[in-house]
Amino acid sequence: MAASFTKSTARNIFYGGSLFFVLVFLAMTFQTERTISKYDNSANLTPAAIRGKKLWEVNNCGGCHTLLGEGAYFAPELGNVYTRRGPAFIKMWIMSRPTNEQWLKARAASPVHTHRRQMPNFNLNEQQVDDLVEFLKYTNGINSGNWPPNKEG
Ligand code: HEC
């Protein structure tokens, strides 16, 4: 039995195996090239969205929120908040906390805001809040394969 495993058998396994995986690699490259445009969200990656991402980081929004599942589980998922609440709500929410009348009304009307957790006031100016909204618009446009499955995050 051992004698039938010749040098040429070993060589054939080597060449055959290599060829097989080169073909798998080429097929996967082809498949990626064909589908990548479906995931292209770069039109939403404006300079404002880039500034907004920076603000997201320096203010550690991810210390409480998840963004497409990444971050902490203290506060709502924000990957889809742009469609869930809309830009005007997001802006009002970040700017006018925590005692503003409009904010208290919005909070009372919203089903997820019935718990005692609160978000701090970051004292951001209007431009910064607009940039954050642009960033959340960008994340909202990322093709995440319908994740999160539940609209409320
Ligand atoms: C200390 C924790 C904490 C940090 C940091 C934080 N948030 Fe929040 N955020 C919350 C909590 C808690 C809520 C929900 C409050 C409620 O239900 O009343 C919330 C709600 C929100 C909402 C409304 C979500 C919805 O579904 O209605 C937005 C938008 C938001 N935060 C944006 C941000 C942004 C942008 C940052 C960074 C600048 C940030 N948050 C940082 C705790 C935090």
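For ligands, and for the atoms within them, numbers begin at 1 and follow the listed sequence. Predicted, not measured: the structure shown is a model, and the values here were computed from it.
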Atoms of ligand 1, numbered as shown, that sit under 4.0 Å from any heavy atom of F89
27 (O)

Please list, in number order, the atoms of ligand 1 under 4.0 Å from a heavy atom of I94.
35 (C)

Heavy atom to atom 41 (C) of ligand 1, shortest distance: which of F135, F122, F74 holds it?
F122

Tell me whether atom 8 (Fe) of ligand 1 has C61 as a neighbour, meaning an N, O or S atom of it below 2.8 Å.
no

Does some non-hydrogen atom of G63 fall short of 4.0 Å from ligand 1?
no

I'd like to know if the side chain of Q128 reaches the main chain of N125, judged simply by a donor and an acceptor atom lying under 3.5 Å from each other, with no hydrogens or angles considered.
yes

Do I50 and K53 pass the side chain to side chain contact (heavy atoms under 4.5 Å, CB included) test, and can you show the C-alpha distance, the side-chain angles, and the key distance before you say yes or no?
CA-CA 5 Å; I50 293 167; K53 179 175 190 290; 5.7 Å; no

Is it the case that ligand 1 has an N or O less than 3.5 angstrom from some N or O of W56?
no

Atoms of ligand 1 less than 4.0 Å from C64 heavy atoms?
1 (C), 2 (C), 3 (C), 4 (C), 5 (C), 42 (C), 43 (C)

Can you tell me if T9 and T6 form a side-chain donor-acceptor pair at under 3.5 Å?
yes

Give a yes or no on whether a salt bridge exists between K91 and E126, defined as a side-chain N under 4.0 angstrom from a carboxylate O.
yes

Would L67 and F135 count as a side chain to side chain contact (heavy atoms under 4.5 Å, CB included) here? Give the steps.
CA-CA 11 Å; L67 198 61; F135 173 58; 3.7 Å; yes

Under 4.0 Å from a heavy atom of A75: give me the atoms of ligand 1 that qualify, with their elements.
9 (N), 10 (C), 11 (C), 12 (C), 13 (C), 42 (C)

Expected output: side-chain N59 to main-chain F122 donor-acceptor under 3.5 Å
no

Heavy-atom count around E70 CD within 6.0 Å, excluding the residue itself: above 12?
no

Between R84 and ligand 1, is there a nitrogen or oxygen pair with a distance under 3.5 Å?
yes

Indicate, with yes or no, if F20 and M28 share a hydrophobic cluster defined by side-chain heavy-atom contacts under 4.5 Å among Ile, Leu, Val, Met, Phe, Trp and Tyr.
yes

Is it the side chain, the backbone, both or neither of N60 that has a heavy atom closer than 4.0 Å to ligand 1?
backbone

Between E77 and P148, is there a donor-acceptor pair closer than 3.5 Å when you use the side chain of the first and the backbone of the second?
no

Closest to atom 30 (C) of ligand 1 (heavy atoms only, candidates M119, Q128, R85, E57) is M119

Side chain, backbone, both or neither: the part of P76 lying under 4.0 Å from ligand 1 by heavy atom
side chain

Could you tell me, atom by atom, which parts of ligand 1 come under 4.0 Å of a heavy atom of L78?
24 (C), 28 (C), 30 (C), 32 (C), 33 (C)

